[in-house]
Protein chains: 2
Amino acid sequence: MDIRQVGALTFQLDFSQPLYEQILEQIRSALAKGEIGLGEKIPSVREMAHALKINPNTVMRAYKELERDGLTEKRRGQGTFVTTSEERVKTFRAELVKEYIDDFLNKMESLGYSWEDIEGYMQERGSRRKGSDLT
Amino acid sequence: MDIRQVGALTFQLDFSQPLYEQILEQIRSALAKGEIGLGEKIPSVREMAHALKINPNTVMRAYKELERDGLTEKRRGQGTFVTTSEERVKTFRAELVKEYIDDFLNKMESLGYSWEDIEGYMQERGSRRKGSDLT
DNA sequence: TAAGTGTATTAAGTGATATAATACACTTGA
DNA sequence: TCAAGTGTATTATATCACTTAATACACTTA
């Protein structure tokens with residue numbers, strides 16, 4: 001409930017999740033949506049920490065994970081930059097999509113819904129485009 | 001990685017999530033799938049704790065939440081019983097479904113996918129029924 | 001050389017989770 | 001009546017994830 005602009009990025013943090021995860025996800029999202037271009041610089045650890053009013057270590061933790069996923073490259077003395085590999089971004093996006101879908105289907109199955117139920121609901125929702133009637 | 005039978009229920013706990021949440025979800029799931037009938041007794045706090053080798057307080061925490069959701073009723077000296085209201089189970093199920101779907105759609109949108117993308121993928125997946133090609 | 005980068009370390013505080021031990025109120029059945 | 005089995009409550013303790021704080025170092029650029 002408190003939106004902050006940091007460079008080209010927009011952040012909205014709360015306490016429902018670890019801060020470093022929220023930063024991570026919101027940067028990933030910006031990347032996937034193309035809101036940050038390949039090779040572009042993202043805000044420095046210190047700048048980000050100051051703008052979001054959180055500790056630099058917390059920002060570091062998010063940045064480390066971005067690099068571990070191959071989405072960014074760090075250059076000492078210069079800053080952190082988005083990878084120049086469009087391939088890397090694409091495959092990472094695909095991995096996330098698979099994770100989200102599998103997760104969703106697992107949860108629905110835990111409620112006893114079959115694939116047909118879900119498919120049917122999606123079609124119906126597509127035409128109506130609001131609310132939920134699946135019971 | 002370690003399956004346990006407790007009465008009519010099956011549990012599989014790990015350390016990826018709080019224990020009380022896992023118990024909660026697995027009982028909900030059994031309820032939604034009709035694996036436990038309306039009005040049926042579920043294992044006592046002590047029995048459950050002993051069978052799962054965890055602390056009774058942890059089981060209590062899960063049971064409290066079940067009751068708060070109106071899914072169970074407790075009777076001192078007798079035990080904990082599933083609600084006799086089919087209506088209650090149905091609406092709770094519907095609430096969960098809505099939560100799962102909204103959550104899923106939010107995540108997909110955070111990756112920049114439109115409703116049409118998702119719908120198309122679901123249809124395609126429906127015919128193929130394995131793997132993921134959405135990139 | 002100064003200012004801005006990423007990086008590393010050590011210390012501390014907080015809150016959620018889980019365990020342990022114990023006690024009390026209630027219900028049932030022998 | 002009473003023992004055994006229920007749910008419930010309390011207090012204390014331990015651990016871990018997360019976050020902050022304070023510092024220091026290596027590197028790059030202007």
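Letters A, B, ... are given to chains in the order of the sequence lines, protein chains preceding strands, and every chain is numbered from 1.
Between B:Phe81 atom CZ and D:dT6 atom P there is a gap of 10 Å when expressed in whole angstrom units. Between the CZ atom of B:Phe15 and the C1' atom of D:dT15 there is a distance of 13 Å, given to the nearest Å. C:dA18 atom P lies 19 Å from atom NE2 of B:His50, rounded to whole Å. The interatomic distance linking B:Arg76 (CZ) with D:dG5 (P) rounds to 18 Å, in whole Å. One interatomic measurement links the two molecules: CD of A:Gln22 to C1' of D:dC18, which rounds to 12 Å at whole-angstrom precision. If you measure from atom CD of A:Glu73 to atom P of C:dT5, you get 18 Å, rounded to the nearest angstrom. Look at CD on B:Glu67: it is 17 Å from P on D:dT6, rounded to the nearest Å. Following rounding to the nearest Å, B:Ile23 (CD1) and C:dT19 (C1') show an atom-to-atom distance of 13 Å.
A donor-acceptor contact shorter than 3.5 Å links the side chain of B:Gln26 to the backbone of B:Gln12. The backbone N or O of A:Gln5 lies less than 3.5 Å from no partner atom in the side chain of A:Thr10, so there is not a single donor-acceptor pair. One N or O on the side chain of A:Arg93 and one on the backbone of A:Ala32 form a donor-acceptor pair closer than 3.5 Å.
For A:Lys74, no side-chain nitrogen or oxygen approaches OP1 or OP2 of C:dT5 to under 4.0 Å. Between B:Tyr20 and C:dT17, a side-chain N or O to OP1/OP2 separation shorter than 4.0 Å is present. At C:dG6, one or more side-chain N or O atoms of A:Thr80 fall inside 4.0 Å of OP1 or OP2 (strictly under the cut-off). Between D:dT29 and A:Gln78, a contact under 4.0 Å exists linking OP1 or OP2 to a side-chain N or O.
For B:Asp69 and B:Arg28, the salt-bridge test passes: some basic side-chain N is under 4.0 Å from an acidic carboxylate O.
Donor-acceptor pairing under 3.5 Å is recorded for the side chains of B:Ser114 and B:Asp117.
The cationic group of A:Arg4 does not satisfy the cation-pi geometry with A:Phe11, failing either the under 6.0 Å distance to the six-membered ring centre or the 45° limit from the ring axis.
Atom-to-atom distance recorded for B:Leu66:CG and B:Thr83:OG1 is 11.5 Å, nearest 0.5 angstrom.
Across residues 37-45 of chain B, B:Ser44, B:Val45 each have a non-hydrogen atom less than 4.0 Å from an atom of DNA chain D (numbered order). Residues from residues 52-66 of chain A that place a heavy atom under 4.0 Å from any atom of DNA chain D, listed by number: A:Ile54, A:Asn55, A:Asn57, A:Thr58, A:Arg61.
The 5' end of DNA chain D is approached more closely, in terms of each residue's nearest nucleotide, by A:Gln17 than by the other of A:Arg75 and A:Gln17.
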Q: Could you check A:Thr72 against A:Glu67 for side chain to side chain donor-acceptor pair (under 3.5 Å), going step by step and ending with a plain yes or no?
A: CA-CA 5 Å; A:Thr72 60; A:Glu67 188 171 39; 5.5 Å; no
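Applying the 3.5 Å distance criterion, the base of C:dG6 shares a donor-acceptor pair with the side chain of A:Arg46.
The neighbour count for B:Lys64 NZ, taken as heavy atoms of other residues, nucleotides or ligands under 6.0 Å away, does not exceed 12.
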